[in-house]
Amino acid sequence: MAFKGLVNIVKRKKILHCGIKHSLGGVVKIASACNNTWTIDDVTYEADYSEVTCKRCIRILEQADEDGKVNRCGR
């Protein structure tokens with residue numbers, strides 16, 4: 001069952017990635033789910049899951065349950 005709901009969006013260049021939150025030294029940063037990177041130029045906001053355009057992030061969202069959790073151990 002694919003996740004449907006609000007996700008963190010990371011806009012990098014023209015591609016919209018699904019984002020995950022990281023805490024770095026008490027500051028919360030949002031990195032892309034497909035490659036766990038964060039840059040100072042990234043624009044982040046919360047939006048509907050259907051806005052994601054990154055193919056790798058879409059596959060990750062398809063594996064997520066209703067709560068948005070993904071078990072990646074059994075690839």
Side-chain angles (χ1 to χ4, degrees):
M1 172 180 277
F3 174 75
K4 293 177 173 42
L6 290 176
V7 295
N8 296 309
I9 299 288
V10 177
K11 183 177 181 182
R12 187 172 296 133
K13 297 184 183 179
K14 294 182 181 180
I15 299 174
L16 300 177
H17 298 271
C18 177
I20 54 175
K21 290 184 180 181
H22 292 282
S23 178
L24 297 171
V27 178
V28 175
K29 303 289 184 188
I30 298 178
S32 59
C34 62
N35 59 9
N36 276 343
T37 58
W38 178 86
T39 63
I40 197 77
D41 297 333
D42 289 346
V43 176
T44 60
Y45 58 95
E46 195 171 272
D48 193 52
Y49 73 99
S50 61
E51 289 191 26
V52 176
T53 58
C54 173
K55 292 178 184 177
R56 290 174 62 192
C57 288
I58 290 171
R59 278 184 262 156
I60 292 170
L61 284 175
E62 287 173 351
Q63 296 174 4
D65 61 10
E66 298 153 352
D67 297 327
K69 296 180 182 173
V70 178
N71 182 5
R72 307 247 358 232
C73 296
R75 285 186 188 183

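Side chains are part of it too, since the values below use all heavy atoms of this structure and drop only hydrogens, waters and symmetry mates. Fair warning: this is a prediction, and the values are worked out from it, not measured in the lab.
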Students should find that the hydrophobic cluster of Ile40, defined by side-chain heavy atoms under 4.5 Å apart, otherwise consists of Trp38
### Query
Is Ile30 isolated, or which residues cluster with it under the ILVMFWY side-chain rule of less than 4.5 Å, directly or via members?
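Val10, listed by chain and number.
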Distance (rounded to the nearest 0.5 Å) between Asn8 CG and Thr44 OG1:
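OG1 of Thr44 is found 7.5 Å from CG of Asn8.
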Worksheet item: Atom CD1 of Ile9 and atom OG of Ser32: how far apart are they, to the nearest 0.5 Å?
Response: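 Reported value, rounded in 0.5 Å steps: 11.5 Å.
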So salt bridge (Lys or Arg N to Asp or Glu O under 4.0 Å) across residues 49-61, not counting sequence neighbours, yields none
Validation: residues 13-23 side-chain donor-acceptor distances under 3.5 Å, sequence neighbours left out:
none

In terms of hydrophobic clustering (I, L, V, M, F, W, Y; side-chain heavy atoms under 4.5 Å; direct or indirect links), are Leu6 and Leu61 co-clustered?
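In one cluster with Leu6: Leu61, no.
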- Does Val28 belong to the same Ile/Leu/Val/Met/Phe/Trp/Tyr cluster as Tyr45, with side-chain heavy atoms less than 4.5 Å apart forming each link? no
Taking every heavy atom of Cys34 against every heavy atom of Ile60, the minimum-distance pair comes out as CA-CD1, 4.0 Å
By side chain to side chain donor-acceptor pair (under 3.5 Å), Thr37 pairs with (sequence neighbours left out) Arg12, Asn35
query: Which residues pass the side chain to side chain donor-acceptor pair (under 3.5 Å) test with Thr39, sequence neighbours left out?
result: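 If we apply the side chain to side chain donor-acceptor pair (under 3.5 Å) test to Thr39, skipping adjacent residues, the hits are Asp42.
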Val27: partners by side chain to side chain contact (heavy atoms under 4.5 Å, CB included), with sequence neighbours left out:
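Per chain and number, Val27 pairs via side chain to side chain contact (heavy atoms under 4.5 Å, CB included) with Lys29.
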